[in-house]
Amino acid sequence: MTPLIAGNWKMNGSLAANEALLGALAQGLAAPGAAEVAVCVPAPYLAQVQALKAKWPALARLQLGAQDVSHQATGAYTGEVSAAMLQDLGCRFAIVGHSERRQYHGETDARVADKAKQALARGITPIVCVGETLAEREAGHTVEVVKRQLAAVIHANGHCISEIVLAYEPVWAIGTGKTASPEEAQAVHAVLRAQLHAATPHAGLLKIIYGGSMNAGNAAALLAQPDIDGGLIGGAALKAPDFLSILAAAA
Ligand code: PEP
């Protein structure tokens with residue numbers, strides 16, 4: 001399957017910084033590659049990236065993603081951004097259920113499932129994040145937690161589940177410099193793959209990507225695992241050489 005390397009810029013960037021970063025990425029993306037590549041940018045900058053993609057042909061390969069989407073379609077939800085709006089701005093992906101949204105914005109499994117549903121209804125691929133905290137891991141609850149989080153999304157989305165990208169992101173590995181070992185990550189990916197197999201005949205084609213301090217040094221070993229189909233990249237996505245090295249490791 002074609003791997004996916006998706007950057008998550010989080011709440012970083014400015015008009016000037018984004019243009020500089022995309023300019024540097026354009027040089028590395030001009031040639032066709034064997035991996036899919038995307039950046040999930042703050043909502044206010046989606047239009048800027050859409051415009052730069054139109055202006056710079058070298059960015060044609062770069063797909064656009066959002067970092068969140070509303071669980072509602074339209075209406076009186078001040079501050080929310082709907083899937084239809086993301087579609088308008090050319091988004092191919094929307095991250096849903098990132099651990100920072102679950103932790104700081106109280107997003108429940110059911111809410112994350114509704115967000116995935118809204119994205120799918122507009123032809124946007126939700127990158128559904130699941131992952132255990134350090135306390136949950138130490139208590140031996142990793143499998144139970146990620147299966148519960150995924151089950152909610154399967155339950156709400158039925159056969160459309162084959163259209164998602166799943167991201168396993170152990171919370172203790174995000175932004176900490178600690179990475180799950182390739183074997184640890186693979187073990188969880190295999191559990192998630194088995195759960196998807198029970199839900200859809202297309203589970204073998206569904207991308208399960210890993211996120212959590214993936215960088216230029218550890219990407220190749222992680223991406224070599226049979227059930228790791230790409231990466232969701234935070235910190236390293238803000239540095240063009242690092243992001244391009246991870247992309248090269250995937251290709
Ligand atoms: C993320 O935010 O999804 C992430 C994986 O971050 P980092 O790569 O910085 O750990």
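All residue numbers refer to positions in the sequence shown, counting from 1. Because only heavy atoms are used, hydrogens play no part in the values below, and waters and symmetry mates are left out as well, while side chains stay in. Just so you know, ligand 1 is whichever comes first in the structure, and atom 1 is the first atom listed for that ligand. All figures in this text were calculated on a predicted structure; none of them were measured in a lab.
Of the N and O atoms on the side chains of Gln149 and Asp109, not one donor lies less than 3.5 Å from an acceptor on the other residue. Remark: the Gln67 side chain and the Trp9 side chain contain no N/O donor-acceptor pair separated by less than 3.5 Å.
Distances from ligand 1 to the non-hydrogen atoms of Gly212 include at least one value under 4.0 Å. Heavy-atom distances between Ala173 and ligand 1 reach below 4.0 Å in at least one pair.
Interface of Gly235 with ligand 1, defined as ligand atoms under 4.0 Å from a residue heavy atom, comprises 7 (P), 8 (O), 9 (O). Residue-ligand proximity, Leu232 to ligand 1, at heavy-atom distances under 4.0 Å covers atoms 3 (O), 5 (C). Annotation for ligand 1: atoms under 4.0 Å from non-hydrogen atoms of Asn8 are 1 (C), 2 (O), 3 (O).
Considering backbone and side-chain N/O atoms, Gly211 never comes within less than 3.5 Å of an N/O atom of ligand 1.
Looking only at protein heavy atoms, the nearest one to atom 5 (C) of ligand 1 is Glu169 OE2, 3.1 Å.
Within the 3.5 Å criterion, the main-chain N or O of Ser162 finds no donor-acceptor partner in the side chain of His202.
Residue-level proximity to ligand 1 for Ile174 is carried by backbone and side chain together, each with a heavy atom below 4.0 angstrom.
A salt bridge is absent between Asp88 and Arg122: the closest approach of a Lys/Arg side-chain nitrogen to an acidic carboxylate oxygen does not fall below 4.0 angstrom. With respect to Arg61 and Glu36, no salt bridge is recorded, no charged nitrogen being found less than 4.0 Å from a carboxylate O. The pair Glu107-Arg102 does not meet the salt-bridge criterion, since no charged nitrogen lies less than 4.0 angstrom from a carboxylate oxygen.
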